[in-house]
Amino acid sequence: ACSGGSGGQVPEAGGEPVPVTAGVIPIVDVAPIYLGQEQGFFAERGIELTIETGSGGAASVPGVMSGNYQFAFANVTSLLVGAHEGLPLQVLTNGASSNGEQGGDFGAVVVPADSPVRSAADLAGAEVAVNNLQNIGDTSVRESIRQDGGDPTAVRFVELGFPDMPAAVETGRVDAAWIVEPFLTQALESGAREIASNFVDVDENLSIATYFTSAPIAAENPELIDAITEALNESMAYADANPDEVRRILATYTEIEPEVIERIRLPRFPAEVDRGSVTTVAELMVADGLIDAAPDWDEFYR
Amino acid sequence: MSRGGGAAARLGRRALRVCALPAGLVALWWAAAASSRSYYLPAPDAVAVTFAEVWFSERILADALPSVVRLLAGFALAAVLGVALGTAIGSSPRLRAFTEPVLEFWRAVPPPVLVPLLILLAGIDDAMKVLVIVSGCVWPILLNTVEGVRAVDPVLADTCRSYRISGFTRLRTLVLRSASPQIMAGLRQALSIAIILMVISEMFASSSGLGFTIVQFQRGFAIPEMWSGIVLLGLLGLALSLAFQRVERSVLDWYHGLRAATRGE
Amino acid sequence: MTGRGTRTPAEGGASPARTAAAGGAAGTAPLGAVGVLAFLAVWELVPRLGLVPGRYLPPATEVLAALAARAAEAAFWVALWDTVLAWALGLAIAFAAACLLGFAIGSLPAVRAFTTSTVEFLRPVPSVALIPLAVLLYGTDIGSTLLLVVYAAFWQIYLQVLYGVADVDPVAEQTARSYRLSRWSRIRYVTWPSALPYVLTGLRLGAAVALILAITAQLVIGSPGLGREIAVAQSSGAIASVYALVIATGGLGVAVNAGVRLLERRLLHWHSSVRTEAAA
Amino acid sequence: MSAVLEVTGLRKVYEGGGRRVEAVGGLDFTVPAGQLACLVGPSGCGKTTLLKCVAGLMRPTSGSVRLAGEPVTEPPPDMAVVFQEYGRSLFAWLSVADNVALPLKEKGVPRARRAELVRRALADVGLSDAAGAHPWQLSGGMQQRVAIARAIAYEPRVLLMDEPFAAVDAQTRAELEDLIRGLWQRLGVTVLFVTHDIDEAVYLGQRVLVLSASPTRVQDDLAVDLPDRRDQLTTRGDVRFTELRARVYARVQAAKRGERPAPDPSAPPAPAPR
Amino acid sequence: MSAVLEVTGLRKVYEGGGRRVEAVGGLDFTVPAGQLACLVGPSGCGKTTLLKCVAGLMRPTSGSVRLAGEPVTEPPPDMAVVFQEYGRSLFAWLSVADNVALPLKEKGVPRARRAELVRRALADVGLSDAAGAHPWQLSGGMQQRVAIARAIAYEPRVLLMDEPFAAVDAQTRAELEDLIRGLWQRLGVTVLFVTHDIDEAVYLGQRVLVLSASPTRVQDDLAVDLPDRRDQLTTRGDVRFTELRARVYARVQAAKRGERPAPDPSAPPAPAPR
Ligand SMILES: Nc1ncnc2c1ncn2[C@@H]1O[C@H](COP(=O)(O)OP(=O)(O)OP(=O)(O)O)[C@@H](O)[C@H]1O
Ligand SMILES: Nc1ncnc2c1ncn2[C@@H]1O[C@H](COP(=O)(O)OP(=O)(O)OP(=O)(O)O)[C@@H](O)[C@H]1O
Ligand SMILES: [Mg+2]
Ligand SMILES: [Mg+2]
């Protein structure tokens with residue numbers, strides 16, 4: 001893997017391909033980049049793409065900061081926090097968005113089958129599992145409760161990895177959980193009940209995650225980054241248009257069971273970051289005290 | 001020199017011993033941070049300021065205290081378990097042969113993959129976190145106890161046998177005492193591992209705690225805050241190890257005496 | 001005098017109780033296998049009896065089947081090799097450094113006194129907290145995994161070495177001094193053999209911790225190896241796969257331990273703990 | 001008197017580490033209850049091995065040891081052993097008094113009596129002052145005396161002693177010899193006493209068993225027909241004492257030279273060197 | 001001949017564990033180069049302590065030890081010590097031959113010569129057969145002989161021995177006594193020899209230092225005016241031998257009873273040793 005050494009090169013059609021490394025998380029949301037790699041969208045632009053998987057922000061942000069990755073995948077909230085803390089992060093393009101279907105989105109709040117909780121408002125006083133605290137999960141779930149007329153301050157959140165959530169819900173270890181695919185399908189099939197589509201409640205076009213790089217990398221090699229952005233956009237468009245292709249590619253880089261792949265709900269993959277939704281998220285984060293102010297959009301988005 | 005003067009000098013020497021190297025290292029850190037200007041490596045003064053801001057607050061009660069309580073509970077449980085199991089396994093080669101592969105198996109399982117299983121079995125509350133701590137820090141105690149028990153002097157063992165000292169008395173006066181230097185080595189190891197696992201246990205199914213806070217700082221790119229948390233962990237380790245040293249000194253009184261005596265000190 | 005029995009010559013010969021209990025090299029393997037089988041049986045039963053939902057803890061047979069399926073793929077062996085490589089390199093570095101520093105510092109009480117506070121401060125720093133720093137320094141390849149592995153394993157071995165160095169029989173030490181053995185010779189011929197039981201325990205502890213850190217680092221950072229496979233399986237909800245990989249990890253641990261035990265029998269054949277158990 | 005201790009065809013072979021040593025090569029003897037028998041023999045002949053087999057601490061390769069008719073497979077009750085490696089047989093973490101008291105405690109001797117026994121035993125071996133010290137604060141000879149005190153405080157019925165006076169000075173040794181004889185007479189203990197000091201063997205014992213070099217056999221078995229009341233001055237001046245001593249010495253020398261027990265064990269006594 | 005070993009005002013007080021023992025209470029003596037001096041004294045009087053101070057292994061509380069004019073602060077070169085705790089002074093992880101060879105290796109003796117020295121030393125103590133064994137496979141007396149073999153193979157200029165023959169039988173003891181005297185005569189070694197056997201002290205030494213009970217002082221300092229050629233039969237039969245022996249015995253007994261040397265520490269010097 002590595003390194004900054006490729007930073008000075010410019011991709012040329014027909015020339016030596018430029019090695020580029022991307023850091024992603026091996027989940028449903030990153031299907032487009034795998035599709036793009038497979039379809040040759042990167043190779044066409046003289047980019048020899050290597051995809052490395054990690055477990056999220058802990059590796060991807062420092063990976064980009066150190067020049068180890070030329071770009072990486074992370075959720076919007078993390079990037080907003082990072083930018084707020086002064087990290088020179090730059091968003092290249094959208095990564096995954098809510099599909100906007102109330103009750104059919106790829107992430108949802110679920111409760112055990114026999115739970116007295118009927119809707120988001122009932123969550124007041126409950127313990128809700130989210131994968132990371134002070135992140136998109138608790139922010140959006142609070143919004144769901146608020147919109148449902150409940151008291152968003154009365155809910156307690158606890159951190160739990162997505163893979164552990166179906167079991168925790170089924171065994172009643174938590175009152176509710178915000179789960180994403182493929183664990184959402186798993187939970188629903190083992191009897192959990194869906195009570196809210198928290199992404200849709202925030203914004204039905206909510207941009208959840210994006211691909212990003214760092215300002216120094218972008219400044220050093222703008223042509224390469226442009227080429228990457230183009231390839232990403234093409235990949236997104238391809239994925240958005242071909243959900244079957246998405247399901248097919250999932251079988252190659254994840255280990256989700258084939259039957260489950262058939263049934264899971266997919267996010268949408270618009271190429272453009274929905275600026276409005278990000279602003280909404282930033283405002284919610286300001287309201288929750290995660291950040292003081294939304295970052296300057298023009299600096300943040302390339 | 002007056003007695004008071006002697007004591008003061010001793011205290012001074014001790015302070016020098018404790019502080020000299022850390023002072024040097026902090027200076028090095030300073031130099032490194034100044035030259036690298038890396039976002040992830042803040043200067044020690046920044047960390048010191050942050051430390052005061054972050055930890056001299058109600059956080060020390062809300063986050064650190066419950067963590068430390070869990071840490072001590074886990075450590076105590078691991079100590080009891082490790083010594084009890086270790087004594088049994090160390091005294092019986094058969095039992096050792098029987099259990100060793102399975103124990104070695106568990107020993108090699110990383111906590112991040114063990115935690116989901118523990119969540120399944122023990123839930124997500126304090127019990128699970130204490131179990132995570134136990135699951136990690138029982139090993140050095142267990143292994144050292146096993147080896148210490150195995151190494152009981154055969155002449156002493158024969159002495160006990162010939163006077164028909166068996167059962168609990170034998171355990172207390174022979175086995176545990178003669179293995180105690182090695183058991184202490186294990187406990188000392190376990191203490192710092194317990195701190196590490198306290199952090200790891202709070203990376204799962206948490207909403208508060210020292211480890212949780214540190215991880216949260218890390219995720220939120222609050223790097224000086226994160227370093228201040230690590231410093232706190234180090235200080236905690238230092239404090240616990242000083243306390244442990246006192247216990248060890250009294251438990252191994254005979255051992256150190258014996259060593260010093262032969263050298264005629 | 002009343003030293004501990006670790007290095008003193010003693011009459012051997014098995015007492016009746018010891019003889020009855022003696023396993024010997026050949027005797028341990030079958031018993032260990034029985035232990036493993038018993039463990040697998042419990043594992044099989046817990047989900048089958050519904051004590052835990054089988055969806056979340058698949059029975060042993062299912063997991064073993066998943067493991068067998070994986071073992072048929074080359075990717076699995078590549079991942080295994082990557083893990084073993086990171087582990088072995090990291091452990092070797094940690095072991096060498098810990099022994100060097102441990103013996104040097106342990107035999108110089110003054111230096112030991114000056115370093116204690118720093119050591120006690122650094123030991124409880126969790127390797128996981130160092131991940132961002134590691135990635136920043138060494139990127140996402142083996143370098144950062146090594147940093148974490150070495151950091152974690154080092155302390156385990158180092159502390160054992162310190163205790164081991166302190167456990168040298170003073171009469172043996174005085175004998176060496178009276179014959180004016182140089183510092184190096186004393187370490188080589190007296191301190192090292194007497195500390196060996198501690199060192200080997202340290203090696204066993206360090207080996208497991210190194211393995212854990214190698215896996216964890218791969219899991220979090222995503223450098224290639226079993227850890228990354230586990231991460232992928234985990235985020236895909238492929239529970240049987242996760243447990244299959246965990247078995248592979250544990251199996252590595254068992255193998256490593258068997259190796260150290262073999263080493264022990266060779267290196268410590270003179271030691272009372274080995275010879276009383278080996279005596280016929 | 002019924003034979004209390006019977007050793008029949010006792011053999012012990014050490015194997016391991018690429019070395020095979022037949023230490024004890026077929027021993028037969030019996031010791032009647034209440035006898036004080038001394039064992040002498042060349043260094044490394046197998047005395048310690050024999051004692052350990054008798055104590056039930058070591059399993060013989062073949063042959064058997066019986067005590068009062070029962071086969072000895074583990075240490076029998078009411079037996080005390082003073083090990084050759086006296087230093088290592090003391091508990092470093094216990095004070096001298098606790099070392100002596102421990103077996104009594106285990107035996108269930110009440111506290112007051114225990115204290116009295118410990119006090120007396122320590123006084124007998126001249127260590128009253130050291131009761132509170134740890135073994136490692138004592139000199140070699142003092143450690144050995146602690147081990148002896150522990151054995152006599154125990155008031156055993158069978159007492160096995162492996163060169164128990166090796167590390168004490170001549171004067172103390174004489175006192176301890178008389179102490180053991182006194183104890184033996186007072187309690188009727190059966191004593192097996194290993195020593196290298198031939199004078200000591202003759203002075204102490206009712207009988208001296210001379211062992212051959214390893215693999216050890218009984219080279220000679222002498223009854224010591226000295227009067228039961230013995231004292232350091234008159235007994236050692238006795239002509240019979242000198243004769244017996246010379247005889248034992250000659251036999252040990254023969255054993256040392258590697259002579260095996262002759263078919264006729266009544267060889268003429270050699271001149272006494274000392 | 002110049003005084004090689006000077007002990008001046010040597011005191012050693014053990015403190016610690018709530019116990020304070022003045023073991024050595026002001027010793028003054030000198031040992032000329034090449035002398036063989038025996039030390040006797042009651043058990044626990046401080047002989048081992050003295051020897052360790054002389055060896056530079058223990059720092060005295062006050063007073064000094066000088067060897068050839070140099071103060072002894074660490075073990076001087078070309079010195080060998082046979083410890084009272086012989087078992088613990090052997091390295092369990094080395095074979096008998098390697099135990100003997102190790103100090104030679106460190107001294108830089110070439111391989112062939114080393115092998116020869118080891119072979120001869122082991123033969124001298126009667127352990128040729130045990131060269132490949134490990135110390136814990138040997139009997140107590142055999143272990144002690146390994147420690148002796150190690151010391152003599154080293155060919156030291158100063159030899160300190162702490163009850164080196166305590167665990168061997170009478171016959172072997174006599175042989176070892178002659179071995180040490182032979183070595184001493186051959187190499188001109190200065191020997192300090194602690195023993196509890198008064199006969200041995202007189203037979204071996206050119207001089208016997210009798211130490212008082214602890215805190216130990218020099219109770220008596222006797223020159224042994226027996227001819228230099230000694231052998232077990234004639235020397236021990238000598239009238240002068242019996243006289244000296246009786247004298248030493250009386251002094252040790254006095255020491256044991258707690259008699260202190262004359263109140264004036266600058267007592268008239270004892271008869272010249274050589
Ligand atoms: N643990 C052992 N392993 C192998 N051989 C042994 C062991 N213990 C003793 N031997 C051998 O058995 C023989 C007899 O040993 P033992 O200790 O019984 O002799 P001993 O008569 O007590 O001698 P000593 O008077 O020197 O104490 C010796 O040759 C010794 O080398
Ligand atoms: N490490 C120690 N700590 C405290 N006291 C000690 C220590 N070593 C020896 N002593 C004390 O010092 C005195 C002299 O001990 P030392 O070992 O020198 O006697 P010794 O003459 O060699 O006796 P022995 O003939 O019994 O070996 C004893 O009273 C003993 O209790
Ligand atoms: Mg013996
Ligand atoms: Mg002594």
Side-chain angles (χ1 to χ4, degrees), chain C residues 1-15 18 109 164 167-200 263-280, chain E residues 48 51-52 54-58 72-96 98-109 130 133-140 142-144 146-147 150-151 153-156 158-162:
Chain C
M1 211 201 66
T2 1
R4 302 180 51 247
T6 45
R7 63 261 112 200
T8 343
E11 99 304 337
S15 48
R18 284 194 211 116
D167 198 37
V168 176
D169 188 305
V171 177
E173 191 184 276
Q174 285 191 333
T175 307
R177 285 217 295 139
S178 72
Y179 285 109
R180 290 176 70 87
L181 263 62
S182 64
R183 193 173 278 281
W184 164 244
S185 296
R186 282 197 331 247
I187 289 182
R188 160 98 173 63
Y189 293 110
V190 185
T191 318
W192 166 255
S194 355
L196 249 186
Y198 284 83
V199 174
L200 285 183
L263 204 65
E264 175 189 84
R265 260 199 294 281
R266 285 181 58 94
L267 292 179
L268 288 184
H269 65 96
W270 52 270
H271 193 269
S272 61
S273 61
V274 173
R275 63 178 201 249
T276 50
E277 282 168 13
Chain E
T48 300
L51 230 57
K52 286 201 175 163
V54 169
L57 291 169
M58 193 181 269
V72 173
T73 51
E74 57 158 6
D78 286 323
M79 179 198 69
V81 184
V82 176
F83 289 87
Q84 187 173 15
E85 294 151 305
Y86 52 91
R88 283 174 66 200
S89 86
L90 297 178
F91 303 122
W93 44 91
L94 297 181
S95 72
V96 164
D98 288 343
N99 261 289
V100 178
L102 180 59
L104 299 176
K105 207 150 130 192
E106 187 69 14
K107 207 183 181 184
V109 178
H134 280 266
W136 37 270
Q137 296 178 311
L138 304 183
S139 76
M142 292 162 88
Q143 286 176 21
Q144 195 164 37
V146 176
R150 179 166 63 187
Y154 192 64
E155 303 195 319
V158 180
L159 177 58
L160 309 179
M161 303 181 96
D162 200 351

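All heavy atoms count here, side chains included; hydrogens, waters and symmetry mates do not. All values derive from a computational prediction rather than experimental measurement. In what follows, chains carry the letters A, B, and so on, assigned in the order in which the sequence lines appear, proteins first and then strands, with residues in each chain numbered from 1.
- Looking at heavy atoms from C-beta onward, E:L57 lies in side-chain contact with E:P75 at the 4.5 angstrom threshold.
- Chain C forms more heavy-atom pairs under 4.5 Å with one residue of E:P156, E:P76, E:G140, E:S139 than with any other, namely E:P76.
- Nearest heavy-atom pair, E:A133 versus E:L138, reported as atom, atom and distance to 0.1 Å: CB-CD2, 4.1 Å.
- Pairing each heavy atom of E:R150 with each of E:V100, the nearest pair is CA-CG1, 3.9 Å.
- Looking at E:A55, there are no atoms closer than 4.5 Å to chain C (heavy atoms on both sides), in backbone or side chain.
- Between E:E85 atom CD and E:Q143 atom CD the span is 12.5 Å, to the nearest 0.5 Å.
- Nearest approach of E:S89 to E:F83, heavy atoms of both residues: CB-CD1, 3.9 Å.
- Only the side chain of E:E74 comes within less than 4.5 Å of a heavy atom of chain C; its backbone N, CA, C and O stay farther away.
- The distance from atom CG of E:L51 to atom CG of E:L160, rounded to the nearest 0.5 Å, is 4.5 Å.
- Using a 4.5 Å heavy-atom cut-off against chain E, the contacting residues of residues 175-185 of chain C are C:T175, C:A176, C:R177, C:S178, C:Y179, C:R180, C:L181, C:S182, C:S185.
- When heavy atoms are compared at a cutoff of 4.5 Å, E:K107 does not approach chain C at all.
- Between E:Y86 and E:A147 the shortest heavy-atom distance is CB-CB, 4.3 Å.
- The main-chain N or O of C:Y189 is found under 3.5 Å from a side-chain atom of E:W93 such that the two form a donor-acceptor pair.
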